[in-house]
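What follows is one structure encoded as structure tokens, with my remarks underneath.
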Amino acid sequence: HDLSVVEHISDRVAVMYLGRIAELADRRDLFRHQEHPYTQALMSAIPVPDPTLRRQRVILKGDVPSPVNPPTGCRFHPRCPLRQELGDPAICAEVVPPLIVLGGEHQCACHFRGPQAEVSRRSVGLTPARDHGDRRVRGDDALDLGRVDVVAPVMITSLRRSMTKM
């Protein structure tokens, strides 16, 4: 992946993990504010061109599961630092998280983000996190990706600008 290039050639970016969209947003929004733990880890790996600056890296534990036999529930759950931090809640391994609209065009597939986060956190005995306001769940059938170009088949998909904008 060369995410620094993706940032400059894309209008919208879909981050995928094992064939499922983990996060979808306007490129500016995604590069400034990541919600999904995989997106956060991916963005932390972007090299900083200034040798005096260091980025806080998110190092994922474990190996990437087989795409032929992906994990049940959230495909990222075996390596998810948020799930580990929350005490390995069963919902992550049992239920596929839907893409949740977080605001505008920013969407994330995580049980612990968006409006369902409060219910998920209470189910594992935690207090609610931050409030995302009045945001709705959006089913996969309503997702319009437009033109999709695969940058790396498993991990990230770039939604390129139309030629008329250039």
Side-chain angles (χ1 to χ4, degrees), residues 1-7 9-46 55-86 88-117 119-121 124 129-130 132 135-160:
H1 309 83
D2 191 340
L3 296 177
S4 55
V5 171
V6 170
E7 181 179 14
I9 66 167
S10 303
D11 287 328
R12 296 173 69 205
V13 180
V15 177
M16 299 181 74
Y17 187 78
L18 294 176
R20 288 197 186 258
I21 294 177
E23 192 161 0
L24 174 66
D26 170 84
R27 89 178 139 85
R28 286 184 185 99
D29 191 24
L30 188 75
F31 278 83
R32 288 185 186 128
H33 184 71
Q34 304 87 40
E35 286 287 337
H36 196 278
Y38 177 65
T39 308
Q40 293 168 346
L42 196 62
M43 295 297 184
S44 80
I46 299 173
R55 190 184 303 258
Q56 176 86 24
R57 288 288 314 268
V58 176
I59 306 298
L60 300 176
K61 296 178 182 173
D63 295 323
V64 176
S66 168
V68 175
N69 187 22
T72 58
C74 175
R75 292 187 177 186
F76 187 58
H77 85 265
R79 303 183 73 204
C80 182
L82 178 59
R83 180 176 188 247
Q84 294 163 10
E85 178 184 312
L86 296 175
D88 295 329
I91 191 172
C92 299
E94 296 170 357
V95 180
V96 175
L99 272 174
I100 304 297
V101 176
L102 301 176
E105 294 184 19
H106 200 144
Q107 299 172 50
C108 179
C110 178
H111 295 293
F112 296 96
R113 298 291 191 249
Q116 87 286 0
V119 173
S120 297
R121 284 178 169 274
V124 296
R130 59 188 159 194
H132 285 284
R135 295 168 186 164
R136 58 189 174 84
V137 175
R138 183 173 184 173
D140 285 338
D141 57 332
L143 182 62
D144 178 19
L145 292 177
R147 180 177 168 190
V148 177
D149 293 323
V150 176
V151 173
V154 176
M155 302 209 184
I156 189 162
T157 301
S158 169
L159 304 170
R160 291 189 6 191

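Predicted model only: the values in this text are computed from it and were never measured.
Listed by first then second residue, pairs satisfying salt bridge (Lys or Arg N to Asp or Glu O under 4.0 Å) with a partner in residues 62-76 number zero, not counting sequence neighbours. The list of salt bridge (Lys or Arg N to Asp or Glu O under 4.0 Å) pairs with a residue in residues 92-103, not counting sequence neighbours, is empty. Among residue pairs with one or both ends in residues 97-108, those qualifying as salt bridge (Lys or Arg N to Asp or Glu O under 4.0 Å) are R12-E105; sequence neighbours excluded.
Taking CD1 of I100 as the reference point, atom CD of Q107 lies at 9.0 Å (rounded to 0.5 Å). The CD atom of E85 sits 10.5 Å away from atom CZ of F112, with the distance rounded to the nearest 0.5 Å. Annotation: the span from D29 atom CG to L102 atom CG amounts to 9.0 Å, rounded to 0.5 Å. The CG atom of L42 sits 5.0 Å away from the CG atom of L3 when rounded to the nearest 0.5 Å.
R57 meets the side chain to side chain contact (heavy atoms under 4.5 Å, CB included) test with S44, A45, I59; sequence neighbours excluded. Taking T72 as the reference, nothing meets the side chain to side chain donor-acceptor pair (under 3.5 Å) condition, with sequence neighbours excluded. Under the rule for a ring-ring contact (aromatic ring centres under 6.0 Å, His included), H77 has no partner lying at least two apart in sequence or in another chain. Residues meeting the side chain to side chain donor-acceptor pair (under 3.5 Å) test with Q84, sequence neighbours left out: none. Contacts of A22 classified as side chain to side chain contact (heavy atoms under 4.5 Å, CB included), with partners at least two apart in sequence or in another chain: H36. The salt bridge (Lys or Arg N to Asp or Glu O under 4.0 Å) search around D88 returns R83, not counting sequence neighbours.
Residues Y38 and M16 approach most closely at CE2-O, 3.5 Å, considering heavy atoms. A pairwise comparison of heavy atoms in A109 and L99 identifies N-CD2, 3.8 Å as the closest pair.
For the pair P81 and F76, the minimum side-chain heavy-atom distance is below 4.5 Å. Using a 4.5 Å heavy-atom cutoff, the side chains of Q40 and L82 are not in contact.
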query: Going through the distances and angles, do T39 and Y17 end up as a side-chain contact (heavy atoms from CB on, under 4.5 Å)?
result: CA-CA 9 Å; T39 308; Y17 187 78; over 6 Å; no
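At least one donor-acceptor pair closer than 3.5 Å links the side chain of R113 to the backbone N or O of E35. Using modelled atom types, no side-chain atom of E23 and backbone atom of Q34 make a donor-acceptor pair closer than 3.5 Å.
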